[in-house]
Amino acid sequence: MGNLLAVLEWIGLGLGMLIAALAVTFAVVRQRILRHGQGELGENSLLLATGARVGVYNGQAEGRQPSLSVGILMLLSSGLYFHSLTGRREVFVPDASISWIGVPEEREGRRAEGRSIVVRFLNASGKQDGVAIRLLYPEQWVEAIKTHLISRG
């Protein structure tokens with residue numbers, strides 16, 4: 001019995017160290033992405049930042065879930081900027097191109113939908129495009145985006 005408790009203590013210690021290492025890694029990567037964004041766009045351009053998942057939104061995602069990239073969403077004075085944690089995906093939506101922003105209606109049995117916002121915008125070729133963004137406090141983000149980007153323009 002004593003050996004089992006010793007093994008469980010070592011397993012708990014290892015899991016605790018793994019969780020702590022993941023938390024520190026996330027904090028360091030987040031800070032690097034924020035510094036990168038501020039370095040390219042200017043010190044005073046960053047208004048808000050949060051962890052988010054971004055996927056393509058075409059208005060017909062009823063049956064399938066879009067592929068989501070995990071990263072940092074930044075509300076800038078000039079638009080919305082998303083940078084994935086792996087660095088493979090970057091999305092910038094200028095404030096002038098945003099045509100609609102809001103929280104999608106909740107459907108039965110889909111709790112994750114309530115934590116999403118949808119941003120529709122005109123892409124570089126002038127066609128309507130959209131992104132679905134999953135994050136905490138979506139209503140507050142919609143209000144902040146409307147206040148700082150849409151009503152200002």
Side-chain angles (χ1 to χ4, degrees), residues 14-153:
L15 286 175
M17 288 175 31
L18 178 67
I19 290 170
L22 288 173
V24 168
T25 301
F26 175 77
V28 168
V29 168
R30 181 182 188 271
Q31 195 62 28
R32 286 184 65 202
I33 290 172
L34 289 174
R35 267 196 226 125
H36 171 75
Q38 285 180 335
E40 283 188 12
L41 302 166
E43 275 300 307
N44 298 325
S45 65
L46 181 64
L47 302 174
L48 283 173
T50 189
R53 295 179 185 181
V54 171
V56 176
Y57 179 80
N58 60 7
Q60 302 170 359
E62 300 263 341
R64 63 178 181 84
Q65 186 72 9
S67 64
L68 299 172
S69 295
V70 177
I72 306 295
L73 178 69
M74 294 179 240
L75 175 60
L76 307 171
S77 58
S78 59
L80 283 174
Y81 177 69
F82 173 79
H83 190 286
S84 68
L85 293 179
T86 60
R88 294 184 182 163
R89 186 170 189 189
E90 288 183 313
V91 176
F92 180 70
V93 180
D95 57 354
S97 70
I98 297 174
S99 59
W100 185 84
I101 183 165
V103 179
E105 293 180 17
E106 289 188 37
R107 297 184 189 120
E108 271 186 52
R110 296 190 70 175
R111 280 188 54 218
E113 196 91 27
R115 295 184 0 194
S116 298
I117 63 174
V118 174
V119 179
R120 292 189 190 134
F121 58 95
L122 298 175
N123 61 19
S125 62
K127 294 184 179 181
Q128 186 79 302
D129 204 353
V131 291
I133 305 168
R134 290 183 58 192
L135 46 75
L136 293 175
Y137 310 113
E139 291 85 8
Q140 287 86 347
W141 269 84
V142 168
E143 288 304 314
I145 293 167
K146 286 180 178 179
T147 301
H148 293 289
L149 297 181
I150 296 174
S151 66
R152 182 181 55 112

Just verifying a value: how many Å separate L47 CG and L149 CG, rounded to the nearest 0.5 Å? 7.5 Å

On a heavy-atom basis, which atom in P138 and which in S116 lie closest, and how many Å separate them? CB-O, 3.9 Å

Heavy atoms only: give me the nearest I72-A49 pair and the separation to one decimal. CG2-CB, 4.4 Å

Can any side-chain N or O of R89 pair as donor or acceptor with the backbone N or O of G71 at less than 3.5 Å? no

Starting at CZ of R32, measure out to CG of L85 and round the result to the nearest 0.5 Å. 11.5 Å

So, taking the atom named CG in D95 and the one named CZ in F121, what distance separates them when rounded to the nearest 0.5 Å? 13.0 Å

Shortest non-hydrogen contact from A52 toward L73: CB-CB, 3.9 Å

Answer yes or no: is there a donor N or O on one side and an acceptor on the other, between the side chain of S99 and the main chain of R120, under 3.5 Å? yes

Tightest non-hydrogen contact, residues L75 and H148, listed as CD2-CD2, 4.2 Å

Could you check V142 against V103 for side chain to side chain contact (heavy atoms under 4.5 Å, CB included), going step by step and ending with a plain yes or no? CA-CA 8 Å; V142 168; V103 179; 4.0 Å; yes

Could you state the interatomic distance from CG (L135) to CZ (R115), rounded to the nearest 0.5 Å? 8.5 Å

Non-neighbouring partners of E143 that pass side chain to side chain donor-acceptor pair (under 3.5 Å), sequence neighbours left out: none

Distance from L48 atom CG to W141 atom CH2, nearest 0.5 Å? 4.5 Å

Taking every non-hydrogen atom, the tightest pair across F82 and V54: CD1-CG2, 3.4 Å

A96: side-chain contact (heavy atoms from CB on, under 4.5 Å) partners, not counting sequence neighbours: none

Here the gap from L80 atom CG to I98 atom CD1, rounded to the nearest 0.5 Å, amounts to 5.0 Å

